[in-house]
Amino acid sequence: MQSSRLAPPSPHEGGKLLRFVRAMTHAVARQGWGEAQLVPEVERLLRELVAKDDWLPEAFARAHPDFYQQYLLYGDPLDRFSVVSFVWGPGQFTPVHNHTVWGAIGMLRGAELGQAFGIGESGQPPRPLGKEERLEPGMVALVSPSIGDVHQVRNAYPDRVSISVHVYGGNIGRIRRQVFAMGDGAAKDFVSGYSGDRVPNLWAGEGA
């Protein structure tokens with residue numbers, strides 16, 4: 001994982017993201033709340049955040065010509081949650097992978113396609129579960145070991161960038177998880193880390 005530093009203030013940073021982080025911090029601190037109570041609140045908050053594409057700083061919306069990018073927008077100091085922007089270049093896609101924690105994916109720009117998979121016995125390829133689902137701007141999808149945690153995601157567009165905002169129930173860039181081979185389902189451990197070496201200044205443009 002690369003070290004992160006505060007980026008210089010920008011009039012486009014802060015505001016909506018800061019309010020989202022504050023609300024998330026209150027939500028994860030609620031006494032007696034488990035995943036069943038927390039995740040619907042995360043979904044509601046994320047839906048509000050991605051309702052309008054006018055707040056994500058350009059530095060965290062840049063695509064790479066060869067690899068999708070996962071930029072850290074906020075990491076809770078107690079590792080209770082993290083917020084990232086996932087930036088897809090044209091035609092880019094993930095391997096089949098899991099998360100090991102709950103997650104919420106909100107579509108901000110463009111569109112992405114997600115296919116859920118079941119993992120069977122060793123030597124068996126991942127099994128598609130249902131149809132591929134399309135996320136359009138403003139929509140939110142959920143993943144979790146309790147409801148389905150293995151999927152493959154791709155940019156729905158072959159000719160333009162798409163961006164989604166993800167919230168996870170842990171520091172997703174530090175969590176050891178797995179990718180699964182399409183041929184035989186073999187699992188391989190990985191830790192994703194983050195793209196870049198900076199995080200947004202949440203307090204710049206607080207009135208946005």
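Note that the structure is predicted; figures quoted are calculated from it, not measured. No hydrogens, no waters, no symmetry mates; every other heavy atom, side chains included, goes into these values. We count residues from 1, following the sequence as given.
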Verify same cluster id: [X], [Y] (apolar side-chain graph, 4.5 Å):
X      : Y      : value
Phe60  : Val83  : yes
Val140 : Ile147 : yes
Trp102 : Val21  : yes
Met139 : Trp55  : no
Val167 : Leu49  : yes

Rounded at 0.5 Å granularity, tell me how far [atom1] in [X] sits from [atom2] in [Y].
X      : Y      : atom1 : atom2 : answer
Arg160 : Arg109 : CZ    : CZ    : 11.0 Å
Gln152 : Glu132 : CD    : CD    : 8.0 Å
Leu202 : Phe20  : CG    : CZ    : 11.5 Å
His64  : Trp88  : NE2   : CH2   : 15.0 Å
Glu136 : Leu108 : CD    : CG    : 13.0 Å
Asp79  : Ile175 : CG    : CD1   : 8.0 Å

Heavy-atom closest contact ([X] atom, [Y] atom, distance):
X      : Y      : value
Ala156 : Leu113 : CB-CG, 3.9 Å
Trp203 : Leu18  : CD1-CD2, 3.9 Å
Pro90  : Pro158 : CB-O, 3.1 Å
Val84  : Leu72  : CG1-CA, 4.2 Å
Ser82  : Gly170 : OG-O, 2.6 Å
Ala61  : Ile163 : CB-CD1, 3.5 Å

Does [Y] offer a backbone N or O that forms a donor-acceptor pair with the side chain of [X] under 3.5 Å?
X      : Y      : result
Asp149 : His99  : yes
His97  : His151 : yes
Gln92  : Gly89  : yes
Asn155 : Phe93  : no
Tyr71  : Arg62  : yes
Ser162 : Ala111 : yes
Ser85  : Val165 : no

Does some side-chain heavy atom of [Y] sit less than 4.5 Å from a side-chain heavy atom of [X]?
X      : Y      : answer
Val28  : Leu38  : yes
Lys16  : Asp54  : yes
Gln70  : His166 : no
Ile172 : Phe81  : no
Arg80  : Thr25  : yes
Thr94  : Arg154 : no
Leu73  : Val199 : no

Note to self: Under the rule for ring-ring contact (aromatic ring centres under 6.0 Å, His included), what residues qualify as partners of Tyr157, not counting sequence neighbours?
What the structure shows: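 Tyr157: no ring-ring contact (aromatic ring centres under 6.0 Å, His included) contacts found.
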Check: Does the pair Val42 and Tyr168 meet the rule for a side-chain contact (heavy atoms from CB on, under 4.5 Å), with working shown?
Finding: CA-CA 9 Å; Val42 175; Tyr168 294 103; over 6 Å; no
Margin query: Between Glu41 and Arg30 (salt bridge meaning N to carboxylate O under 4.0 Å), is one present in this structure?
Written below: no
Notebook entry, point to check: Charged N to carboxylate O under 4.0 angstrom, Lys131 versus Glu133?
Noted result: no
Notebook entry, point to check: Aromatic rings Phe86 and Tyr68: how do their planes relate, parallel, tilted or perpendicular, breaks at 30° and 60°?
Noted result: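 The arrangement is parallel - the two ring planes meet at less than 30°.
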With a 3.5 Å cut-off and sequence neighbours excluded, list the donor-acceptor pairs that the side chains of residues 178-189 form with protein atoms.
{"unit_1": "Gln178", "atom_1": "OE1", "unit_2": "Asn98", "atom_2": "ND2", "d": "2.7"}
{"unit_1": "Gln178", "atom_1": "NE2", "unit_2": "Asp189", "atom_2": "OD1", "d": "3.1"}
{"unit_1": "Asp184", "atom_1": "OD1", "unit_2": "Ala186", "atom_2": "N", "d": "3.0"}

Check: Have Ser164 and Glu112 got a donor and an acceptor in their side chains that come within less than 3.5 Å?
Finding: yes
